[in-house]
Novice: 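The following block contains the structure, expressed as structure tokens.
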Number of protein chains: 2
Amino acid sequence: MVDEIVLLLPVLGRELGRPVPLEMEACVKAGAPAHAFPSDAHVSPGHIQVLIALAKGPCSVGHIAHTLGVSRPATTQLVDRLVEHGMIERRHDPADRRVVLVDYAPGMHEVARRIMDVRRRQLNEALDRLTDEEAGAFFKGLKEITAALGRVPGEEN
Amino acid sequence: MVDEIVLLLPVLGRELGRPVPLEMEACVKAGAPAHAFPSDAHVSPGHIQVLIALAKGPCSVGHIAHTLGVSRPATTQLVDRLVEHGMIERRHDPADRRVVLVDYAPGMHEVARRIMDVRRRQLNEALDRLTDEEAGAFFKGLKEITAALGRVPGEEN
DNA sequence: CTGGTTACTTAACTGACTTAATTACTTGAT
DNA sequence: ATCAAGTAATTAAGTCAGTTAAGTAACCAG
């Protein structure tokens with residue numbers, strides 16, 4: 001089984017990395033300014049992750065980077081794109097003007113929720129084929145493996 | 001939970017995509033010709049997938065591409081790199097000279113096994129924290145989700 | 001107010017994929 | 001026999017998400 005998992009995981013990774021053009025439609029349907037989404041705009045998983053991370057409230061760039069497991073510059077790019085599309089806004093933290101707080105643009109909270117729903121639905125479709133226990137076990141395994149891969153295997157700390 | 005999974009999956013994908021320089025050492029230790037692995041050679045998950053796919057015997061490029069879920073040109077590149085490193089060999093299928101059969105280079109079967117072991121060990125470390133039932137459920141969920149993401153969510157066929 | 005640190009951005013580059021076009025071979029119809 | 005169509009692999013060119021390194025602005029301790 002281990003071999004099959006090792007074979008399957010990267011496939012999942014690639015499949016996951018493909019942009020999801022459909023979600024853009026959802027934006028427009030949900031009332032987003034249509035001009036903000038030019039015909040070829042595509043939303044990558046990273047962008048969705050940013051939107052999800054923001055659901056709990058405004059967030060600094062550094063914090064988002066940590067949540068996503070990517071570098072700060074990469075996060076800056078993700079935020080750039082979403083700002084271009086009018087989904088989110090940057091503003092300075094009044095308490096510490098170095099940090100840039102990222103938050104939904106006014107009225108975009110609902111739109112963001114719908115974009116997330118598209119991906120959620122896709123996932124639910126798969127999870128529905130699992131029992132509750134299986135889903136729980138899957139989640140647990142997912143966390144363990146993500147954690148295990150975060151470390152270089154030789155290091156023990 | 002769904003949200004957390006949507007947030008976690010791309011992290012896993014990225015973590016998974018990072019090259020694993022350690023495995024090169026394993027090659028050399030296992031007796032691979034050291035010169036075949038220059039200091040900066042790194043083995044990507046795709047390369048390991050090819051090695052795993054070959055474990056069942058020689059394979060055409062097209063078949064490997066299908067197994068990995070990538071295009072044939074991408075597979076050609078992966079094979080190129082592994083041939084450069086002397087891990088595998090190309091030869092023509094005598095039955096149909098269009099197809100290129102890929103197989104381990106002589107004596108590299110064992111080396112390949114060790115490279116795979118490095119990644120396997122990493123995964124086992126995580127799976128050991130799960131019961132057998134949980135591991136089974138994880139595997140099942142993994143397959144379901146990979147399948148679900150392979151389709152565009154709107155299409156029903 | 002000066003030197004050091006932190007948060008973010010910019011710039012330049014890399015690697016892994018994609019599609020489109022090419023080459024080499026097979027197959028089946030005339 | 002040979003020609004047209006189709007398939008396997010490759011080459012070529014371009015894209016995109018990530019990286020590191022360097023730059024800018026703001027905080028803070030002496």
Side-chain angles (χ1 to χ4, degrees), chain A residues 9-21 38 40-50 58-84 88-103 149-150, chain B residues 9-21 38 40-50 58-85 88-103 150:
Chain A
L9 278 178
V11 177
L12 176 63
R14 271 186 292 266
E15 218 58 66
L16 213 45
R18 297 186 207 283
V20 186
D40 60 343
H42 48 245
V43 181
S44 81
H47 298 128
I48 298 174
Q49 283 183 295
V50 172
C59 228
S60 74
V61 172
H63 185 261
I64 296 175
H66 182 257
T67 303
L68 269 63
V70 300
S71 63
R72 263 191 300 250
T75 308
T76 295
Q77 273 185 297
L78 289 173
V79 170
D80 280 348
R81 171 83 56 97
L82 287 169
V83 168
E84 270 175 39
I88 62 178
E89 277 182 354
R90 279 185 234 249
R91 67 171 194 276
H92 283 283
D93 185 343
D96 181 345
R97 289 178 42 76
R98 288 171 306 178
V99 333
V100 171
L101 286 179
V102 180
D103 195 7
L149 291 184
Chain B
L9 277 178
V11 177
L12 176 62
R14 271 186 294 267
E15 217 59 65
L16 213 44
R18 296 185 209 284
V20 185
D40 60 343
H42 48 247
V43 181
S44 83
H47 298 128
I48 297 174
Q49 282 184 295
V50 173
C59 227
S60 75
V61 171
H63 185 262
I64 296 174
H66 181 258
T67 303
L68 269 63
V70 300
S71 63
R72 263 190 300 243
T75 308
T76 294
Q77 273 186 300
L78 289 174
V79 171
D80 281 347
R81 170 83 57 97
L82 287 169
V83 168
E84 269 174 38
H85 288 358
I88 64 178
E89 277 182 354
R90 280 185 234 250
R91 67 169 194 275
H92 283 284
D93 184 343
D96 181 345
R97 289 177 45 74
R98 289 171 304 178
V99 335
V100 170
L101 286 179
V102 180
D103 195 9

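Here the structure is a predicted model, which means the values were calculated and not measured. Residue numbers start from 1 in every chain, and the chains themselves are labelled A, B, ... in the order their sequence lines are given, proteins ahead of strands.
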Novice: Okay, side chain of B:H47, backbone of B:S44: is any donor-acceptor separation there less than 3.5 Å?
Specialist: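 Checking the backbone N and O of B:S44 against the side chain of B:H47, a donor-acceptor pair under 3.5 Å is found.
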
Novice: Separation of A:L16 atom CG from C:dA16 atom P, in whole Å?
Specialist: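 One finds 18 Å between P of C:dA16 and CG of A:L16, rounded.
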
Novice: Have a look at A:S60 and say if it touches a base, only the backbone sugar-phosphate, or nothing, with a 4.0 Å heavy-atom cut-off.
Specialist: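 Result for A:S60 = sugar-phosphate.
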
Novice: Hey, does the side chain of B:R90 come within less than 4.0 Å of D:dT10's phosphate (OP1/OP2), counting only N and O?
Specialist: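 Yes, such a contact exists.
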
Novice: Please report the distance, rounded to the nearest Å, between CG in B:D93 and C1' in D:dA8.
Specialist: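 So the CG-C1' distance, B:D93 to D:dA8, works out to 11 Å.
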
Novice: Could you give the CD-to-P distance, from A:E84 to D:dC16, as a whole number of Å?
Specialist: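 Spelled out: CD on A:E84 to P on D:dC16 is 12 Å.
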
Novice: Between A:I48 (CD1) and D:dA17 (C1'), how many Å, whole number?
Specialist: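 About 15 Å, once rounded to whole Å.
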
Novice: Of all the nucleotides listed (C:dT26, C:dC8, D:dC27), which has the minimum atom distance to the side chain of A:D96?
Specialist: D:dC27

Novice: D:dG18 C1' sits how many Å from A:R81 CZ, rounded?
Specialist: 13 Å

Novice: If I take atom CZ in residue A:R72 and atom C1' in nucleotide D:dG23, what distance separates them, rounded to the nearest angstrom?
Specialist: 14 Å

Novice: Please determine, by modelled atom types, if B:H63 and B:S60 share a side-chain donor-acceptor pair under 3.5 angstrom.
Specialist: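 B:S60 and B:H63 do not have a side-chain donor-acceptor pair below 3.5 Å.
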
Novice: Is a side-chain N or O of A:H92 found less than 3.5 angstrom from the main chain of A:R97, in a donor-acceptor match?
Specialist: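 Confirmed, A:H92 side chain pairs with A:R97 backbone.
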
Novice: Given D:dA9, is OP1 or OP2 found less than 4.0 Å from the side-chain N or O atoms of B:R98?
Specialist: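 The answer is no; no side-chain N or O of B:R98 sits under 4.0 Å from OP1 or OP2.
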
Novice: Rounded off to whole Å, could you give me the CD1-to-P distance for the A:I88 and C:dC8 pair?
Specialist: 13 Å

Novice: Taking only the side-chain heavy atoms of A:A74 (C-beta and beyond), determine which of C:dT9, D:dA9, D:dT19 contains the nearest atom.
Specialist: D:dT19

Novice: Ignoring backbone atoms, establish whether B:R97 has a side-chain N or O less than 4.0 Å from OP1 or OP2 of D:dA8.
Specialist: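 No.
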
Novice: Using a cut-off of strictly less than 4.0 Å, decide whether A:S71 has a side-chain nitrogen or oxygen near OP1 or OP2 of D:dG18.
Specialist: no

Novice: Could you check A:H92 against A:L78 and say which one's nearest nucleotide on DNA chain D is further toward the 5' end?
Specialist: A:L78

Novice: Side-chain N or O of A:R14 versus OP1/OP2 of C:dC17: is the shortest distance under 4.0 Å?
Specialist: yes

Novice: Under a 3.5 Å distance rule, please check whether B:R14 uses its side chain to pair with a backbone N or O of B:L9 as donor and acceptor.
Specialist: no

Novice: Kindly point out which of C:dT19, D:dT19, C:dC8 is positioned nearest to the side chain of B:P73?
Specialist: C:dT19

Novice: Atom CG of B:L101 and atom P of D:dT10: how far apart are they, to the nearest Å?
Specialist: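 Going from B:L101 (CG) to D:dT10 (P), I get 11 Å.
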
Novice: Quick one: which of A:V50, A:D103, A:I64 gives a side chain to side chain contact (heavy atoms under 4.5 Å, CB included) with A:C59?
Specialist: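 Of the listed residues A:V50, A:D103, A:I64, the side chain to side chain contact (heavy atoms under 4.5 Å, CB included) partner of A:C59 is A:I64.
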
Novice: For B:Q77 and for A:H63, find the nucleotide of DNA chain C with the closest heavy atom, then tell me which residue's nucleotide is more 5'.
Specialist: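 Nearest-nucleotide comparison on DNA chain C picks A:H63.
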
